[in-house]
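Here is the structure we will look at.
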Amino acid sequence: MMRQRIYRGAVLAVGLMLLAVTAVPLAVFLGIAGAVWKIMNWLLERGNAE
């Protein structure tokens, strides 16, 4: 019975680790993409204003 509990905990830990490993690069990518998008929009607006 105890063995099953440890196994379940290990599976949960691995799942959370995989989630963190995929979430962090995704968050970084979205942050960079958002910044680039804002800068591009700002440059386009500035170019149109002149």
Side-chain angles (χ1 to χ4, degrees):
M1 200 70 188
M2 191 69 184
R3 203 156 158 203
Q4 201 175 1
R5 203 138 131 227
I6 290 165
Y7 175 73
R8 222 206 221 131
V11 169
L12 193 72
V14 169
L16 285 171
M17 265 170 56
L18 285 172
L19 196 70
V21 164
T22 50
V24 169
L26 191 69
V28 170
F29 173 74
L30 286 173
I32 291 166
V36 168
W37 180 256
K38 280 181 182 173
I39 290 162
M40 274 174 62
N41 279 343
W42 178 71
L43 287 172
L44 285 170
E45 279 173 21
R46 213 181 66 168
N48 290 341
E50 280 172 11

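Through side-chain heavy atoms spaced under 4.5 Å, either directly or across other Ile, Leu, Val, Met, Phe, Trp or Tyr residues, Ile39 is tied to Trp42, Leu43.
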Throw together a table of side-chain donor-acceptor distances under 3.5 angstrom for residues 16-27, partners on residues two or more places apart or in other chains.
unit_1 : atom_1 : unit_2 : atom_2 : d
Thr22  : OG1    : Leu18  : O      : 2.9
Thr22  : OG1    : Leu19  : O      : 2.9

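The side chain to side chain contact (heavy atoms under 4.5 Å, CB included) check on Ile32 picks up Val28, Val36, with sequence neighbours excluded.
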